[in-house]
There are 2 protein chains.
Amino acid sequence: MKLSTKGRYGLRAVLDLAINSKDEVVPLSEIALRQNISISYLEQLISKLRKAGIVTSIRGAQGGYKLAKDPATLSVGEILRVLEGSLEPVNCAEVTGEGESCAGSDTCVTKLVWMRISDSINKAVDSIMLSELIDENNKISGNICNDEDNKVLESPSCNN
Amino acid sequence: MKLSTKGRYGLRAVLDLAINSKDEVVPLSEIALRQNISISYLEQLISKLRKAGIVTSIRGAQGGYKLAKDPATLSVGEILRVLEGSLEPVNCAEVTGEGESCAGSDTCVTKLVWMRISDSINKAVDSIMLSELIDENNKISGNICNDEDNKVLESPSCNN
DNA sequence: ATAATCCCCACCAATCCACTAGGAATTAAA
DNA sequence: TTTAATTCCTAGTGGATTGGTGGGGATTAT
């Protein structure tokens, strides 16, 4: 029941983008540096986000990425589902609403459990808007990071 | 974000045990047959459950397993955590409450997300008692399985 | 032109998952 | 007392997934 680095790194990247792009585009190299993620790997993640319409890109020199949506209407759930593929705890048609039901699903009791887990996860992530994380970041970094040249003081060694 | 077969099979095994053992012990071979899980694999799962005090065993011929707890006080969360190890979506000390915090965790915004997911999962599974699944099973099977010799009609091909 | 940047695809090592295999210890029943 | 049924334990294994790296092409501001 673990989120992969796709979801963890990807959400950090989107948040970084939301905080550090003011109408301008941000090159991936900057995000990679700030978030301590390799550019190559980050490319794969942001590619998914672009195809899903969460970020937009500008190619060429001085190009980069920016958020395609209003952070107030962009939920963490939308971002994580793009990156992780699905947040369902099981591959079960009754739970995911996709694919074929398996034989005997009408007498399957444990699907009740999987459905409740699924609902609770989806409700949790869909109720968190990106704007909330931005606000939280402003609160925290406002208190701490008031160094002169406004640089990143410590690399995020935490992988979560 | 998938539960492994450990959790899925294991919960089915416990439920099977709860339904099919009336003060008597049930040999693993019966559970394996009914639930369509190999005995060898099931052994590993039930071994964890026994060490955690969820089931008790009697060795030797005519031996087997039975539930060690009252289904009304045994939550699905307790069972799943034994089988899966942990239901946390990330390895993060701030979320799991174990291990060392990583550098910069005080400025880590995404942990807010992981904590909410974690809470919602744990609340969901801890609120489902095994007795609820037993009741559900009685409701369903009472309606359907009234064949003469009371055998299992179809093998549970569903892996969830 | 050149350098910066996005974009795409192929590959790879390590890890984890979902088992299988084999055998030792225990015990009821014949 | 043998036999068969059963729990218990450990090791191995093939395949899939994870978490990347690397190379190269396309695009564009300077």
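Every heavy atom of this structure was used, including side-chain atoms; hydrogens, water molecules and symmetry mates were not. Residue numbers start from 1 in every chain, and the chains themselves are labelled A, B, ... in the order their sequence lines are given, proteins ahead of strands.
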ask   = Under 4.0 Å: is that the gap between some side-chain N or O of Ser47(A) and OP1 or OP2 of dC6(C)?
value = no
key: Short side-chain N/O contact to dC19(C) OP1/OP2 from Tyr9(B), under 4.0 Å   = yes
Whole angstrom is fine here: how far is it from [atom1] in [X] over to [atom2] in [N]?
X	N	atom1	atom2	answer
Leu3(A)	dT17(D)	CG	P	17 Å
Glu84(B)	dC16(C)	CD	P	14 Å
Met1(B)	dC16(C)	CE	P	18 Å
Leu49(A)	dC7(C)	CG	P	12 Å
Tyr41(B)	dA21(C)	OH	P	15 Å
Asn36(B)	dC19(C)	CG	P	10 Å
Gln44(A)	dA10(C)	CD	C1'	11 Å
Ile46(B)	dC9(D)	CD1	C1'	15 Å

ask   = When we call it a touch if two heavy atoms are under 4.0 Å apart, what does Ser40(B) touch: a base, just sugar-phosphate, or nothing?
value = base
query = Does a side-chain N-to-carboxylate-O contact under 4.0 Å join Arg116(B) and Glu132(A)?
reply = yes
Quiz: residues 54-66 of chain B side-chain donor-acceptor pairs under 3.5 angstrom, not counting sequence neighbours:
none

message = Quick check on the hydrophobic clustering: are Val113(A) and Ile134(B) connected, directly or via other members, by side-chain heavy-atom contacts under 4.5 Å?
response = yes
Restricting to nitrogen or oxygen on both sides, can you table the protein-nucleotides 5-7 of chain D pairs closer than 3.5 Å?
from	atom 1	to	atom 2	distance (Å)
dA5(D)	N3	Ala61(B)	N	3.4
dT7(D)	OP1	Leu28(B)	N	2.8
dT7(D)	O2	Arg59(B)	NH2	3.1

message = Quick check against the 3.5 Å criterion: does Arg12(A) have a side-chain atom that pairs as donor or acceptor with the backbone of Gln35(A)?
response = yes
ask   = Just by modelled atom types, is the Ser4(B) backbone N or O under 3.5 Å from a matching donor or acceptor in the Glu84(B) side chain?
value = yes
query = Do Thr96(A) and Glu88(A) have a side chain donor and acceptor closer than 3.5 Å?
reply = no
ask   = Taking the side chain as C-beta and beyond, is there a heavy-atom pair between Leu3(B) and Leu83(B) under 4.5 Å?
value = no
